[in-house]
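All ligand and atom numbering here is 1-based and tracks the order in the structure. All figures in this text were calculated on a predicted structure; none of them were measured in a lab.
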Amino acid sequence: MSRLDNKVALVTGGASGIGRETCKLFAAEGASLLVADVNESGGEDTVTSIGENALFQYLDVTNEKKWEEAVATAMDAFGGLDILVNSAGIGFSGAFEDTSLADWNGLMNVNLTGVFLGCKHAVRAMKKTGGGSIINLSSIAGLVGGEDIAAYSASKGGVTMLTKSVALSCAGRGLNIRCNSMHPTYVDTEMLDPIAELFGGRDAMRAGMAESVPLGRLAKARDIANAILFLASDESAMMTGSAMVVDGGTTAGLPSRHTVK
Ligand SMILES: NC(=O)c1ccc[n+]([C@@H]2O[C@H](COP(=O)([O-])OP(=O)(O)OC[C@H]3O[C@@H](n4cnc5c(N)ncnc54)[C@H](O)[C@@H]3O)[C@@H](O)[C@H]2O)c1
């Protein structure tokens, strides 16, 4: 028996990074996959790398109509919906007071409203099929603030609290639907491309950013996908409303040394 045998999963952001790695791992564990993204060629690449039991679905997570279509596709093509991973996300950095309203709203729409819409339509489908597991990608920035990522951090903090509320709402009505949030440290994906540019290259970025991670490296997409797999599977049956941190110790405590080397 594989860990996700007979399960149907919809993964947003499936064209890249954590979402893509999650799709590949889920498929290896027996799930059928609806790979959803606005990036069609990247999404098709993910599907090709999986082979059987995977379909690409164009989905802009800010568009409610498209959510209805995506969930209907999963139900029609695979006969149900057991797992939703909300991995689609965007970010930018800069001084808080220089953030335009358009940029703020654009980021909130994808990172927070997109997750709300996903939870809403997945829960409606899962109510019909008897249960499920939802995993929302937040961030360590959804637990603590960041000096130059106010909009991103606010959106991810919203995801943290939305997750707990969805979890309680479903548990309170005995729906057998669990909802947990995932909080990675820096993950070596395309999302960090702009930061790599600031460092003058990917290797310099990896070395520079690893200094703020107690375990001494950036996370790989696989590190996060492994933890998402646990939350998606029945092994985490007693977990709902939790915030799982996969951060190499980044948020465990005070960053500085108190002894001189
Ligand atoms: N990479 C990190 O350091 C890091 C750290 C913590 C949390 N996260 C979170 O993890 C999630 C995945 O990040 P990643 O590193 O894989 O990023 P990524 O940039 O590699 O992938 C994000 C995917 O989301 C898709 N996307 C963007 N807007 C969309 C929309 N409106 N509708 C549908 N798809 C859309 C993109 O096309 C892309 O394929 C994000 O929510 C991110 O905020 C990332």
Here the atoms of ligand 1 under 4.0 Å from any heavy atom belonging to Pro184 are 6 (C), 7 (C)
Of the protein's non-hydrogen atoms, which lies at the shortest distance from atom 31 (N) of ligand 1, and what is that distance?
Asp60 OD1, 3.0 Å
Minimum heavy-atom separation for Ile149 to Phe92, with atom names?
CG2-O, 4.0 Å
Starting from atom 4 (C) of ligand 1, what is the nearest protein heavy atom, named by residue and atom, and what distance separates them?
Val187 CG2, 3.9 Å
Ignoring hydrogens, just give me the one of Ala15, Gly89, Gly118, Ala141 whose non-hydrogen atom is nearest atom 22 (C) of ligand 1.
Gly89
Using a strict 4.0 Å threshold on nitrogen-to-oxygen distance, state whether Asp234 and Arg3 make a salt bridge.
no
Of all protein heavy atoms, the one nearest atom 15 (O) of ligand 1 is Thr189 OG1, 2.5 Å
Of all the heavy-atom pairs spanning Ala151 and Leu107, show the shortest one and how long it is.
O-CD2, 3.5 Å
Could you tell me which atoms of ligand 1, counted from 1 in the order shown, lie closer than 4.0 angstrom to a heavy atom of Leu59?
32 (N), 33 (C)
Would you mind listing which atoms of ligand 1 come within a distance below 4.0 Å of any non-hydrogen atom of Tyr186?
3 (O)
Any non-hydrogen side-chain atom of Glu21 less than 4.5 Å from a side-chain atom of Ile224?
no
Contact summary for Ser87 and Thr12, nearest pair of heavy atoms
N-OG1, 2.9 Å
So is Lys156 touching ligand 1 or not, going by heavy atoms under 4.0 Å?
yes
Among all protein non-hydrogen atoms, which one is nearest to atom 5 (C) of ligand 1, and what is the separation to 0.1 Å?
Thr185 O, 3.2 Å
Of the choices Thr22, Val38, Asn86, Asp37, which has the non-hydrogen atom that lies closest to atom 36 (C) of ligand 1?
Asp37
Looking at atom 44 (C) of ligand 1, what's its closest protein heavy atom, distance included?
Met191 SD, 3.8 Å
Candidate list Asp223, Asp247, Thr250, test side-chain hydrogen bond (donor to acceptor under 3.5 Å, both in side chains), partner Thr185, passing option:
Thr250
If you count the atoms of ligand 1 from 1 in the order shown, which ones are under 4.0 Å from a heavy atom of Gly17?
16 (O), 20 (O)
Check contact between Ile140 and ligand 1, using heavy atoms of the residue and a distance below 4.0 angstrom.
no
Per atom 28 (N) of ligand 1, closest listed option by heavy atom (Val61, Val110, Asn136):
Val110
Can you tell which of Gly42, Gly14, Ser87 gets a heavy atom nearest to atom 11 (C) of ligand 1?
Ser87
Which residue and heavy atom of the protein sit nearest atom 16 (O) of ligand 1, plus the separation
Ile18 N, 2.8 Å
Among all the protein's non-hydrogen atoms, which is closest to atom 8 (N) of ligand 1, and how far away is it?
Tyr152 OH, 3.5 Å
Which residue, Val61, Asn86, Leu162, forms the side chain to side chain contact (heavy atoms under 4.5 Å, CB included) with Phe116?
Leu162
Of all heavy-atom pairs between Ser138 and Pro184, which one has the smallest distance, and what is that distance?
O-CD, 3.8 Å
Of all the non-hydrogen atoms in the protein, which one sits nearest to atom 20 (O) of ligand 1, and at what distance?
Ser16 OG, 2.6 Å
Does Phe96 CZ have over 12 foreign heavy atoms under 6.0 Å away?
no
Can you list the atoms of ligand 1 that are under 4.0 Å from a heavy atom of Ser139?
6 (C), 7 (C)
With heavy-atom distances below 4.0 Å as the criterion, list the atoms of ligand 1 near Leu137.
10 (O), 11 (C), 41 (O)
I'd like to know if the side chain of Arg178 reaches the main chain of Leu231, judged simply by a donor and an acceptor atom lying under 3.5 Å from each other, with no hydrogens or angles considered.
yes
Pairing of Arg202 and Asp188 as salt bridge, 4.0 angstrom limit:
yes
Between Glu29 and Lys7, does any side-chain N to carboxylate O distance fall below 4.0 Å?
no
